[in-house]
Structure formats: structure tokens, C-alpha cells
Amino acid sequence: MKRSPGPGRPARASCKRTASDPLVVQKDGIFRDVHMVLIPGGGILEKQLQIWCRKVTALGGSCRTLSSGPTTADVIDVATHIAAATTARLEQRMEKVELVGRAARAVAVSFKWLEECLASAAQVPVDNFLLREVGWYEHDKEGPTGSEQPGTAGGACPAPLMEHVTAKAASPGYEPLPLPTSGLSLPLNNSLSLDDSTNCPALSHPSPSNDRVQREGTACGVRAGSDGSDDEAGPCVRDALQARGARGGSREERLQEWMRTEVALRRQGRPREEGAETQDGCEASQYPEVDDESTLEGAEGDIPLDLNEHITRHLRELKDIYEALGDEWRALTYRRAVGVLERLSFRIASAEQLAGVMGVGQQVRDKVKEILGTGRLAKLDSLQSDAKLRVLRLFSSVFGVGAKTALELYSRGHRSLADLRGDPSLSRQAQLGLRYYEEIGAKMSRDDVARIHALVQAQAESICPGVSCEVTGSYRRGRIMCGDVDFLVTHPDGKSHRGLLARLHQRLTAIGFLMADLRSFDDDDQGGGALCQTYLGMCRLPGTDDHRRIDIKVYSAAVYACALVHFTGNEVFNRKVRFFALQTGFKLSEYGLFPVTKIGKRKFVDKTSLPCATERDVFAHLGLEYLEPHERNW
DNA sequence: CGGCTGTACTG
DNA sequence: CAGTACA
DNA sequence: GCCG
């Protein structure tokens with residue numbers, strides 16, 4: 001294996017991932033010279049505090065929790081950062097301990113700050129995470145407030161900014177914290193001018209609701225016939241607990257922690273758009289309003305700027321190439337890595353900064369390093385200049401043609417799209433894909449989508465009064481340009497949706513709106529359950545002769561919330577959530593959220609979904625913080 | 001070293 | 001069933 | 001390619 005990382009430093013340190021492992025301490029990790037005190041409470045579990053403590057320590061800082069007991073004024077004296085869930089918790093605690101006035105050199109931050117730092121592998125600016133003024137530093141206040149926090153200067157790049165004070169015995173244990181010798185000015189809340197309130201988004205901690213427990217009861221009850229009451233409960237409960245690792249105690253929390261980090265990573269820096277708040281039709285009414293509004297103007301604001309576009313564009317290319325080659329796992333890895341890197345709150349200055357960032361491993365870091373150094377990526381250059389590969393990419397960009405077919409077509413001697421047009425072996429879908437090649441590749445504006453929405457909704461309404469007809473997909477996630485329009489249709493009465501797709505399809509075709517069917521749908525078995533029907537096709541862009549991709553799905557109201565989550569996506573988000581669900585004992589699909597009990601090697605999936613009337617229910621059952629659609633652009 | 005999301009149409 | 005597609 |  002290659003040992004690339006910088007000279008002089010043990011290669012291990014940088015590849016060792018954030019280190020829940022206190023044994024590996026990155027001496028100049030991102031928390032170098034940070035002396036942190038964590039205030040318990042506010043719903044944060046002691047266990048979580050300890051995890052954070054280990055991480056901070058592993059990343060070069062020192063940290064301790066201010067857990068029960070009177071405690072340790074000395075600790076406070078030398079602290080550089082005091083973190084708590086909320087201002088209230090902080091005040092409460094500090095008063096109790098009579099430390100008012102002592103924490104002169106510390107800045108008070110929300111745990112969110114810590115999470116962000118861990119997620120981005122850098123000390124992010126504390127500005128947006130300051131806890132509101134407490135008064136305990138009142139005495140020192142005159143300290144004029146440089147505007148920089150220790151070690152965060154503007155936050156662009158982390159650690160190196162700090163004066164190298166003491167060679168710092170960042171005691172891995174929990175001895176009294178060494179004093180960060182001077183130098184640091186202690187800015188305390190310089191920026192109180194900030195309008196508070198928004199500064200400290202209350203941490204929400206996914207409380208692992210008792211679903212799990214109940215579920216276990218029921219799931220097991222079914223098999224064992226016992227009521228599964230508590231401790232004694234038969235082997236069934238124990239097995240189930242073991243299966244999900246509750247035994248070791250930490251698996252569950254590691255998973256929660258992992259997911260929280262993933263979420264934090266996607267939320268950072270993203271100011272929340274006002275007004276985008278309630279447009280998702282989940283809150284007030286279970287179903288989206290029938291009159292437009294709900295989606296005509298929705299969550300605005302596409303993704304924030306990608307500060308690392310110079311890097312991600314290369315990695316994106318690699319992703320596309322591996323997709324075309326059918327190397328789905330590499331492609332997946334690159335897609336995830338890009339998703340993470342493009343949201344970093346800082347511009348990458350050194351590949352080292354990526355140590356411990358989830359989803360970015362040694363090999364990607366190496367590539368980042370190369371790009372930073374040379375502005376190019378040799379591997380990519382060679383792949384891009386490969387003529388065959390170019391053809392494969394071209395072919396697989398046709399709807400209906402994937403990696404395998406592309407290869408097949410190539411081996412038949414085809415080299416251009418023109419070559420393909422004559423080939424009768426192409427599937428019907430691929431032929432259509434070819435016919436509409438340009439238009440399928442084209443994007444449309446939100447206005448275009450809105451016009452299509454209005455049209456489809458009007459037709460649906462006239463066929464089936466009271467119908468709900470929402471645009472999902474990238475449009476709902478707030479993207480500025482959309483590659484297709486994605487309808488999720490249902491009827492609140494829970495039954496009128498049956499057979500609706502056929503009628504709608506017929507109508508939309510009759511009026512010359514639907515122009516081609518890329519995939520048809522089960523022509524309903526009316527009577528029974530028909531939870532869903534899906535149609536993929538081409539439609540005419542109103543007012544033009546252009547065509548665009550359109551998908552229409554009609555789902556039963558019973559599964560609407562889960563279907564909405566599914567079709568809102570994005571794909572990476574869906575995969576992550578579903579993976580998390582699996583790991584915590586559920587199976588999530590567009591049809592519901594199903595408890596899973598693992599016994600030995602076998603998995604038993606409940607046949608009935610947990611009740612999910614709204615998207616929020618889905619998140620809540622999983623113990624996840626709710627994410628607005630625009631926060632699901634993972 | 002093995003898993004990485006879950007589902008549905010097409011041919 | 002393999003391949004492709006949808007999020 | 002990344003992760004446990």
C-alpha cells in the first residue's frame with residue numbers, strides 16, 4: 001500500500017478516521033489547543049458526551065464533561081470552549097456550580113458547533129453557534145473582543161492559525177487541563193450583536209422513541225405468544241436486542257451518532273430560507289393543498305456554492321465514468337464523496353483536512369492531494385482520453401441503455417448514436433431514448449415545471465375531484481433546474497385513486513400533452529389493493545414543441561407519506577436513510593416503514609407498517625431529526 | 001473480507 | 001433472470 | 001472505493 005501522507009507524520013494518524021479511538025491522537029488535529037468542557041443535560045446522553053470527549057481528545061484537544069458533582073472550578077478556568085445543548089442548560093449549570101465570572105477565557109458554544117467541526121474535520125467558525133450571553137464572564141468583559149475566536153479565524157482553515165502555545169500535553173486522560181498559555185485573546189462573545197435567537201438552534205436529539213421497544217414486544221409476541229414484558233421476556237427479546245447490538249450498549253449510539261453527523265454535514269452553513277418552512281404539506285394538512293401554491297413557488301434556493309468545485313468536478317467525472325463502466329460501487333463511493341465535499345463549509349487547502357470525514361477515504365484524499373498539487377488528475381486524464389470509454393459513456397447516456405448494453409453495442413461495432421439508430425436490437429425504450437435524446441438530457445426551469453404542474457393538476461382534478469397532485473423529486477427539493485417532472489398523485493379518501501392513472505394517462509394523451517410512453521403501468525387490478533401505479537413518459541413542454549421527461553405515480557393515501565419521502569429523494573439520501581433504518585431494525589420503502597426483527601440469521605419483516613401519516617412521522621419513528629425537502633440534497 | 005436501498009417494468 | 005430505471 |  002502506498003503511504004502517502006505527509007512526511008514526518010505517522011501515516012496512520014491521518015487515515016485513522018476521526019478516532020473514537022483515543023489511542024490515536026492527532027497531535028495537531030483540529031482541536032489542537034482546545035480545552036473543552038461539555039455541559040450535560042438538554043437531552044444529550046452522558047454516553048454521547050463521552051464519545052465527543054474521546055473525539056476531541058483524539059483530535060488534539062482536551063475535553064471533559066462537567067457531569068454531576070460540584071466540581072472543578074479549575075477546569076473552567078482554563079477552558080477555551082464550553083459547550084452545552086442550550087443557553088438555558090448552560091446558565092443553569094454554571095450558576096449551580098457558582099462559576100459565574102470564572103470562565104474568563106472560554107467561548108460558549110452549542111453542541112452543534114462541535115458536531116459541525118467533527119463533520120467537516122475543521123474548526124468551523126463559532127459565530128453561528130454562540131450561546132447567548134450568560135453573564136458569567138461579565139467581569140472580564142472589557143476584553144475588547146478581537147473578533148476572532150481562538151483558532152477559528154474566519155474559519156477558512158483550521159488549526160494552524162493558533163499560536164502554538166504549550167507543546168501541550170493534551171492529556172488523553174482527564175487530568176486537569178493544562179493552561180493554554182496566553183496569547184489568545186479571549187474574545188468571548190464579541191458578536192453579541194448578532195440577533196440572538198437564531199444563534200443557537202436548539203439541538204434536537206433524536207430520542208430513540210419507544211417504538212423500538214413496543215415493536216420488539218409485538219414482533220416477538222407474534223412468534224412467542226408472550227407479552228414480551230420487560231426483562232424476563234423470552235429468548236426472543238434478547239435475540240432481537242442482540243441482533244441490533246443493544247448488548248454492547250454502543251452500537252445503537254454509534255449509529256445515532258453516525259446519522260447525526262451525516263445530517264449535520266448536510267445542514268451546515270445552510271441558512272434556512274424563510275417561508276420555505278411550511279410548504280411541504282405535511283404539517284397542517286395531511287395532503288397537499290389542491291390549489292397550486294403548494295408547489296408553484298416552493299422552497300427556493302438551490303444548493304449553496306460549492307467551495308471546492310475545482311476538486312469535485314474531477315471526482316464527479318470519475319463518478320460518471322465508473323457509472324458508465326458499470327462499476328456501481330466505485331461510482332457510489334465517488335457520488336458520496338462529492339456530495340460531502342461540495343458541502344464543506346471551507347475551501348480545502350490540504351488533503352489532511354479530510355482526515356476523518358465520513359465517506360472520504362485514503363484514496364480519494366490522495367486524489368484530492370494530487371488535484372491540489374497539480375490541478376489535474378492523471379488517472380482521470382487517461383480515462384478521458386480512452387476512445388472506447390468515451391463511446392461507452394455516450395451510449396449509456398441513452399435512456400434504456402446501461403453499462404451492459406453499451407458494451408454490447410460497442411462490441412457490435414457501433415461508435416456513434418447515428419450507428420445505433422439503425423439497430424433493430426435496441427429495446428423499445430432505448431429507441432425512444434434515442435429519439436428524444438437531446439430533450440431527455442435537457443433541463444427545465446422551475447417555471448416550466450410549475451406550468452406542467454398546473455396543467456396536469458387541472459386535468460386530474462376534472463377527472464377526479466379532490467385529488468392531490470404534488471410535484472416531488474428535485475423540484476420539491478428546491479433545485480433551480482429540473483431534469484424531469486415527478487408527480488405523486490393520491491386521493492385523501494383513500495380509494496378514489498384506484499384506476500386513476502389509466503384515466504389520467506388517457507386524458508393527458510388525448511389532449512396532446514403526453515407524447516410517448518417510456519414505460520407503462522399495470523393496467524390495474526381494480527378490485528383489490530393496487531397500492532400504486534407508475535408511469536414514465538415524455539410530455540410536451542407547454543407553449544413549445546419541446547419535450548421533457550415526466551413521471552406520474554398514483555399511490556394509495558395509506559402509503560402517501562412514505563411514498564412522498566421516497567419520491568422526494570434524493571437517491572443518496574434515500575439510501576442513507578434506508579441503510580440507517582435497516583441497522584436500527586426497520587425496513588423503509590415507498591410503501592411504509594416496517595419493523596424488522598432479526599433472529600439468528602433470519603429476518604422477520606412485519607407486514608404492517610408503523611403508522612406514518614406524514615413525513616415527519618417517518619423521521620420520528622426512526623429517531624431522526626426532521627429534514628426539510630431542501631435539506632435532502634445529499 | 002463482504003456489504004453497500006428498495007422496488008418495478010421489460011424482454 | 002439480468003438489465004434498466006425511479007427516488 | 002469505503003467501512004466495520
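Residue numbers start from 1 in every chain, and the chains themselves are labelled A, B, ... in the order their sequence lines are given, proteins ahead of strands.
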Asker: Do A:Tyr626 and A:Phe619 have their ring centres less than 6.0 Å from each other?
Answerer: yes

Asker: Near DNA chain B, which residues from residues 322-337 of chain A have a heavy atom under 4.0 Å away?
Answerer: A:Trp329, A:Arg336

Asker: Is there a side-chain contact between A:Lys319 and the phosphate of D:dG1, meaning an N or O under 4.0 Å from OP1 or OP2?
Answerer: no

Asker: Distance check, P atoms only: D:dG4 and B:dT5, in whole angstrom units.
Answerer: 14 Å

Asker: Whole angstroms only, please: what is the CZ-C1' distance between A:Arg519 and C:dA7?
Answerer: 12 Å

Asker: Want to settle it: does A:Ser520 or A:His566 sit nearer the 5' end of DNA chain B, counting the closest nucleotide to each?
Answerer: A:His566

Asker: Quick check on C:dT4: is either OP1 or OP2 less than 4.0 Å from any side-chain nitrogen or oxygen of A:Thr405?
Answerer: yes

Asker: According to a strict under-4.0 Å criterion, is A:Arg251 in side-chain N/O contact with OP1 or OP2 of D:dG4?
Answerer: no

Asker: Quick one: are the ring centres of A:Phe586 and A:Phe594 less than 6.0 Å apart?
Answerer: no

Asker: So among A:Phe487, A:Phe521, A:Phe567, A:Tyr560, which one has a ring pair (Phe, Tyr, Trp, His ring centres under 6.0 Å) with A:Tyr555?
Answerer: A:Phe567

Asker: Taking for each residue the nucleotide of DNA chain B with the nearest heavy atom, is it A:Arg578 or A:Gln429 whose nucleotide lies nearer the 5' end?
Answerer: A:Arg578

Asker: Using only side-chain N and O atoms of A:Tyr591, determine if any of them is under 4.0 Å from OP1 or OP2 of C:dA7.
Answerer: no

Asker: Please tell me if A:Gln362 has a side-chain N or O lying less than 4.0 Å from either OP1 or OP2 of D:dG1.
Answerer: no

Asker: Separation of A:Asp484 atom CG from C:dA7 atom C1', in whole Å?
Answerer: 10 Å

Asker: Passes side chain to side chain contact (heavy atoms under 4.5 Å, CB included), A:Asp448 versus A:Arg446? Steps please.
Answerer: CA-CA 5 Å; A:Asp448 290 335; A:Arg446 293 180 65 84; over 6 Å; no

Asker: Would you check if there is a donor-acceptor pair between the side chains of A:Asp423 and A:Ser425 at a distance under 3.5 Å?
Answerer: yes

Asker: Look only at the side chain of A:Ser385 and the backbone of A:Ser382, and say whether a donor-acceptor pair between them is shorter than 3.5 Å.
Answerer: yes

Asker: Tell me whether the side-chain N/O atoms of A:Ser589 come closer than 4.0 Å to OP1 or OP2 in B:dT7.
Answerer: yes

